[in-house]
Amino acid sequence: MPTPEEALVSIDRVLRDAARARYGVTDLTVTFEAPRRPEFGDFATNLAFGLAKAARSAPQQIAERLLDDAIASRPEIAALVVDAQATAGFINLRLAPGCWQRVIERALADGSRYGESPRNGQRISLEFGSANPTGPLVVVQGRTLSIGATLAAAFHACGYDVFTEWIINDAGGQVETLARSLYARYRQIADPSFPFPEAGYPGEYLLPIAASLREEFGAAYDAADESIWLPLFGTRGRDRLVAEQQRTVERFGIHYDLWQSERELHESGKVLAGIERLRELGLTYENEGALYFRATQFGDDKDRVLVKSDGKPTYYCADVAYHYEKLKRADRVIDLLGPDHHGYIERLRGIATAFGYEGRLDVAIAQQVTLLRGGEQVSMSKRAGEIITLDTILDEVGVDAARFFFAMLATETPLAFDLKLATEQSTENPVYYVQYGHARIASVLRNADAAELALARRGEHLAPLAHPSEIALMHRIEDYPHVLQSVVSSLSPHRLARYARDIAADFHAFYGECRILAENRDDRLARLALAAATQHVLANALRVLGVSAPESMDRLAAD
RNA sequence: GCGCCCGUAGCUCAGCUGGAUAGAGCGCUGCCCUCCGAAGGCAGAGGCCGGGGGUUCGAAUCCCUCCGGGCGCGCCA
């Protein structure tokens with residue numbers, strides 16, 4: 001018995017043969033899709049609509065004839081198809097359960113690797129989540145982190161070598177602001193009347209850092225000149241805050257291969273090298289003392305400043321150099337940026353094209369998160385002081401719920417995130433539904449006879465699987481590798497989160513319809529195999545999402 | 001003014017390259033544990049898919065336009 005994919009290849013062939021024989025149409029593409037409504041079968045094709053004009057007849061009539069010519073009259077195809085109908089111009093097919101059972105065989109054989117693709121040697125550089133080193137990570141960054149990390153894991157599962165990078169924006173004026181704010185806090189420990197800078201960072205998170213600097217330095221810098229303390233406090237503050245950001249990221253279950261300091265890019269000469277390369281290419285010019293990049297040659301609105309008239313390079317300049325580095329060492333570079341970077345996309349693409357890497361850079365924008373609390377908008381400006389840190393959310397809802405929730409939404413959709421719902425009703429988070437599915441299977445498998453379960457896992461006793469809820473679940477399992485591919489090809493990790501929910505729903509429905517530990521031994525073996533296969537897929541999907549797959553969960557108390 | 005994103009059920013959101021009666025969760029109304037975990041299942045109510053044109057056998061999906069909401073348009077980062 002062929003797999004569903006193989007069966008569709010055969011059916012595709014006979015349908016095209018039939019179309020050629022009857023209507024003389026040769027350049028025909030047949031696409032199959034799973035219809036929304038299960039009563040329309042496992043797969044449907046709309047090819048009769050495309051033929052209608054050339055064949056000069058109604059789609060429904062064409063569908064009926066193709067069905068007669070291709071499916072019914074070919075015994076080898078008829079054996080794969082238990083039901084085939086032409087309705088409203090569509091050809092609806094129901095595959096033999098044996099095709100679906102092949103999927104379970106495969107899932108059981110591959111286990112924790114099911115859905116993965118072989119290594120393909122392609123190198124991906126993925127940058128996401130980067131932040132100023134001037135404060136703790138906030139809730140909104142949880143979204144970028146979650147999306148980026150899931151994307152990275154999906155690329156890895158699809159056979160790519162993924163290199164994840166974070167850029168520390170530590171070369172601009174904001175580090176000076178940090179230094180002044182921190183210095184003021186340091187002085188205030190000894191002299192509470194010491195003025196806090198007007199545009200400083202008022203957050204409480206600087207207080208413990210100031211305290212530890214006081215402990216280390218004593219009063220050593222109270223009378224020091226600004227030229228002495230400014231770089232020192234800037235560097236110390238950056239190091240402490242980056243370390244805290246790294247702790248939060250790690251706690252969120254995310255690993256970075258590189259934490260790239262922007263300052264380091266300058267100090268190592270890489271920025272100069274990047275500018276030099278552009279100069280060689282004839283893509284720079286000077287105007288009023290500043291150095292410009294000819295961005296308009298690459299579709300940008302205006303040329304962009306690389307080096308300001310005061311001799312200091314811009315942030316963009318560092319990014320030019322950084323992207324030059326990334327493009328040289330990766331086959332494909334992906335940036336996942338925040339919503340305030342729309343205007344930046346063309347500029348980045350310009351870099352790639354200028355350096356001769358056109359089409360190798362993708363920039364995705366994760367849209368804004370608006371914070372609400374009980375329907376009221378929460379202001380999130382750092383200057384106003386009220387910041388909701390990512391750690392706060394992790395404390396309240398846990399890593400699993402946060403990872404799943406943020407990955408669940410399409411990247412380009414703005415999100416209204418209600419803190420009250422997230423914290424008070426965390427048990428309503430769909431992640432628990434998915435995890436419960438996994439735990440429920442684990443529980444059933446524990447109740448099974450160990451020897452029998454081992455036998456079932458060999459995937460040799462699947463023949464009884466034919467109930468609609470069993471077919472639906474097998475179909476869903478078959479879909480998993482395609483979902484992973486689609487996550488990667490469209491940079492849409494939310495599809496995986498949706499899929500996890502869907503397969504959990506299919507399992508729960510199957511569980512309600514069919515008793516897994518059935519009286520009949522054949523049924524029992526087959527259903528144990530299906531449950532075990534489902535468990536693998538759930539665990540694999542959750543792993544990519546960065547969510548744990550528990551063997552058991554605490555029962556909720558009855559109301 | 002120009003550019004990007006969004007507008008789908010009371011709320012939060014799916015709907016992949018155009019397909020059949022537009023889906024899910026939460027919330028709401030009913031059922032279902034002498035049986036593998038009720039954080040579950042089944043059934044139901046709830047929609048001019050922002051408005052208007054167009055393309056198509058067929059449009060939530062593509063094109064144009066208008067209306068709403070958000071965000072960008074620095075020698076800031």
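Numbered from 1 within each chain, the chains take letters A, B, ... in sequence-line order. All values below were derived from every heavy atom in this structure, side-chain atoms included, with hydrogens, water molecules and symmetry-related copies excluded.
Nucleic acid contact class of A:Ser552 (heavy atoms, under 4.0 Å, all strands): base. At a threshold of 4.0 angstrom between heavy atoms, the contacts of A:Glu262 are confined to the sugar-phosphate backbone, with no base atom among them. Note on A:Leu409: only backbone sugar-phosphate atoms sit closer than 4.0 angstrom, heavy atoms only; bases stay farther off. Within 4.0 Å (heavy atoms only), A:Tyr511 reaches at least one base atom of the nucleic acid. Within 4.0 Å of A:Asp506, counting heavy atoms only, lies no atom of the nucleic acid at all. As judged by a 4.0 angstrom heavy-atom cut-off over every strand, A:Ser309 is placed among the base-contacting residues. Here A:Ser489 lies out of heavy-atom contact (under 4.0 Å) with every strand. Among the protein residues, A:Phe90 comes within range of the nucleic acid bases, having at least one heavy atom under 4.0 Å from a base atom. Across all strands shown, A:Cys317 has no heavy atoms under 4.0 Å from either base or sugar-phosphate atoms.
Checking the phosphate oxygens (OP1, OP2) of B:G70, no side-chain nitrogen or oxygen of A:His342 falls inside 4.0 Å. At B:A24, none of the side-chain N or O atoms of A:Tyr499 fall inside 4.0 Å of OP1 or OP2 (strictly under the cut-off). Contact between the side-chain N/O atoms of A:Arg36 and the OP1/OP2 oxygens of B:A20 is found at a separation under 4.0 Å. Distances shorter than 4.0 Å separate some side-chain N or O of A:Thr413 from OP1 or OP2 on B:A14.
If you check residues 289-308 of chain A against RNA chain B, the residues with a heavy atom closer than 4.0 Å are A:Ala290, A:Tyr292, A:Lys302, A:Val305, A:Lys308, listed by number. Using a 4.0 Å cut-off on heavy atoms, the residues of residues 441-451 of chain A that approach RNA chain B are A:Ser443, A:Val444, A:Asn447, listed by number.
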Output the pairing pattern of RNA chain B as a dot-bracket string, 5' first, Watson-Crick or G-U wobble with both distances under 3.5 Å, | for cross-strand pairs, [ ] for crossing pairs.
(((((((..((((.....[...)))).(((((.......))))).....(((((..]....))))))))))))....
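Among the nucleotides B:A20, B:C5, B:A77, the one closest to any side-chain atom of A:Glu412 is B:C5. Comparing B:G37, B:G70, B:G41 by their closest approach to the side chain of A:Gln368 singles out B:G70.
Taking the six-membered ring where tryptophan is involved, the planes of A:Tyr344 and A:Tyr315 are tilted, since the angle between them lies from 30° to 60°.
B:U21 and B:C49: their P atoms are spaced 15 Å apart (whole Å). Here the separation of B:C2 from B:G18, taken at their P atoms, is 29 Å to the nearest Å.
A:Phe417 and A:Phe406 have their aromatic ring centers within a separation under 6.0 angstrom.
The glycosidic torsion of B:C33 lies within 90° of 0, placing the base in the syn range.
Side-chain atoms of A:Ser492 do not come within 3.5 Å of backbone N or O of A:Arg495 as any donor-acceptor pair.
Sequence order on RNA chain B of the closest nucleotides to A:Ile345 and A:Leu415 puts A:Ile345 first from the 5' end.
With a 6.0 Å cutoff to the six-membered ring centre and a 45° limit on the axis angle, A:Arg180 does not count as a cation-pi contact of A:Phe233. Geometrically, A:Arg349 does not engage A:Phe298 in a cation-pi contact, judged by NZ or CZ lying under 6.0 Å from the ring centre and within 45° of the ring axis. Under a cutoff of 6.0 Å and an axis angle of 45°, A:Arg501 and A:Tyr433 form a cation-pi pair.
On a pure distance criterion of 3.5 Å, a polar donor-acceptor pair joins the side chain of A:Asn92 and the base of B:A20.
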